[in-house]
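All heavy atoms count here, side chains included; hydrogens, waters and symmetry mates do not.
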Amino acid sequence: MWVATPRRHVSRDEVKLQISVIVPAVNEAETIGGCLAQFRDAGGVEVVVVDGGSSDGTREAVNASGVARWLPSPKKGRAFQMNYGAAATSGEVLLFLHADTHLPQDGLRLIADSMADPKVVGGRFRLGLSEDTWMFRLIALFSTFRSRYLGITYGDQGIYVRRSVFDRMGGFPALEIFEDSEFCSAVSRLGRFVMLDASVCSSTRRWRRWGVFRTVVWMWVLRLLYICSVSDDRLSRRYRNVR
């Protein structure tokens with residue numbers, strides 16, 4: 001079980017922009033409490049956990065946090081859950097965060113500061129991982145490089161966007177896999193999609209569960225198959241094998 005130390009976040013006086021945090025979740029009882037704890041002192045920030053049908057104690061953990069609202073999703077699937085959560089919130093900026101990801105210190109203020117530029121439509125953080133080994137440092141480095149220079153950004157980097165832009169786009173595409181990278185590519189075509197000079201901390205559990213080398217290679221295989229127009233349904237069945 002991975003437990004990250006909650007990081008200090010900014011107060012109500014420091015953040016002038018209303019931010020809504022949307023966390024899609026399914027069976028995240030072990031991680032959701034730590035994720036939500038990082039927002040405990042972040043006054044004025046709206047947090048919702050959109051549950052895609054958990055059978056563990058996710059709902060109880062969310063309610064016990066006193067930080068977030070638990071929202072049952074009518075349909076399972078990260079894209080649908082994130083769109084559903086966005087529709088149920090009111091912030092000017094939407095932050096989509098995985099249940100096992102922690103923002104950097106003062107991450108909310110960094111988001112708000114970037115939004116001061118009207119040309120910025122959204123952004124993401126650099127990727128950081130919960131294990132400080134050369135192997136995971138290398139994965140984080142290449143993931144950040146991939147996002148910055150190849151334009152392929154995944155949800156474990158903490159994606160945020162102006163609500164007006166999100167609404168204009170119609171939210172995340174109805175995909176079971178790569179909905180996050182497709183969304184970010186579309187956002188970047190509407191204005192500046194920035195990368196903040198700070199790293200999130202995401203869990204390494206996926207790599208540990210399936211094997212580091214195997215997971216990295218398989219994700220690139222799925223990406224190549226996606227480029228070759230293999231159906232979303234077929235790809236999603238293969239993707240579930242590494243989650």
Side-chain angles (χ1 to χ4, degrees), residues 2-10 15 17-42 44-52 54 58 61-62 65 67-71 73 77-112 114-115 122-130 140 143 147 153-163 166 171-172 179-181 183-184 187 193-196 198-206 243:
W2 171 68
V3 179
T5 302
R7 306 181 182 194
R8 174 192 173 269
H9 285 289
V10 294
V15 176
L17 198 65
Q18 186 180 4
I19 299 174
S20 293
V21 183
I22 296 99
V23 183
V26 178
N27 292 332
E28 293 287 0
E30 291 187 353
T31 61
I32 196 67
C35 176
L36 299 179
Q38 64 186 311
F39 301 109
R40 186 160 292 130
D41 298 322
V45 175
E46 179 184 26
V47 185
V48 296
V49 176
V50 189
D51 197 315
S54 296
T58 298
V62 173
S65 73
V67 173
R69 176 161 51 105
W70 180 82
L71 186 65
S73 175
R78 199 158 54 196
F80 183 90
Q81 290 171 238
M82 290 188 291
N83 289 339
Y84 191 72
T89 59
S90 59
E92 302 166 70
V93 174
L94 304 172
L95 168 62
F96 300 94
L97 196 68
H98 286 185
D100 60 0
T101 298
H102 289 241
L103 297 178
Q105 184 174 353
D106 292 338
L108 294 175
R109 190 183 66 184
L110 292 173
I111 291 173
S114 74
M115 292 283 95
R124 73 283 202 206
F125 293 86
R126 299 193 308 253
L127 180 66
L129 294 170
S130 58
S143 296
S147 177
T153 298
Y154 296 137
D156 52 6
Q157 288 180 241
I159 299 166
Y160 65 94
V161 64
R162 294 186 190 275
R163 178 179 292 277
F166 183 87
F172 285 86
E179 79 292 331
D180 42 12
S181 62
F183 176 79
C184 291
V187 170
F193 184 62
V194 299
M195 178 177 284
L196 298 179
S199 300
V200 295
C201 181
S202 289
S203 172
T204 60
R205 60 182 176 164
R206 172 160 54 102
R243 292 300 291 173

Open item on the list: Walk me through whether Cys184 and Arg124 qualify under side-chain contact (heavy atoms from CB on, under 4.5 Å).
Closed with: CA-CA 9 Å; Cys184 291; Arg124 73 283 202 206; over 6 Å; no
Task: side-chain contact (heavy atoms from CB on, under 4.5 Å) evaluation trace for Met115 with Glu92 - done: CA-CA 10 Å; Met115 292 283 95; Glu92 302 166 70; over 6 Å; no
Open item on the list: Would Val194 and Tyr160 count as a side-chain contact (heavy atoms from CB on, under 4.5 Å) here? Give the steps.
Closed with: CA-CA 10 Å; Val194 299; Tyr160 65 94; 3.3 Å; yes
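For the pair Arg78 and Asp180, the minimum side-chain heavy-atom distance is below 4.5 Å. Leu97 has its side chain within reach of Phe39: a pair of non-hydrogen atoms, C-beta onward, lies under 4.5 Å apart. Using a 4.5 Å heavy-atom cutoff, the side chains of Val161 and Ile159 are not in contact. Inter-residue side-chain proximity for Leu95 and Leu103 is flagged as met; some heavy-atom pair is nearer than 4.5 Å. Val21 is not listed as a side-chain neighbour of Gln38, based on a closest heavy-atom distance of 4.5 Å or more. At a threshold of 4.5 Å between non-hydrogen side-chain atoms, the residues Thr31 and Arg205 count as touching.
Every residue two or more places apart in sequence or in another chain that forms a side chain to side chain contact (heavy atoms under 4.5 Å, CB included) with Arg163 is listed here: Ser20, Thr89, Leu94, Asp167. Residues meeting the side chain to side chain contact (heavy atoms under 4.5 Å, CB included) test with Ser143, sequence neighbours left out: Leu127, Ile139, Arg146. Residues satisfying the side chain to side chain contact (heavy atoms under 4.5 Å, CB included) test with Ala198, not counting sequence neighbours, are Pro104, Leu110, Phe125. Annotation: salt bridge (charged side-chain N to carboxylate O under 4.0 Å, His left out) contacts of Asp156 (sequence neighbours excluded): Arg206. Qualifying ring-ring contact (aromatic ring centres under 6.0 Å, His included) partners for Phe183, counting only residues two or more places apart in sequence or in other chains: Phe166, Phe172. Arg126 meets the salt bridge (charged side-chain N to carboxylate O under 4.0 Å, His left out) test with Asp197; sequence neighbours excluded.
Distance CG/Asp51 to CD/Gln81: 7.0 Å, rounded to 0.5 Å.
When atom types are taken as modelled, the side chain of Ser202 and the backbone of Leu129 share no donor-acceptor pair closer than 3.5 angstrom. Judged by distance alone, with hydrogens and angles left aside, the side-chain atoms of Ser130 form a donor-acceptor pair with the main-chain N or O of Thr204 at under 3.5 Å.
Residues Ala88 and Arg69 approach most closely at O-NH2, 2.9 Å, considering heavy atoms.
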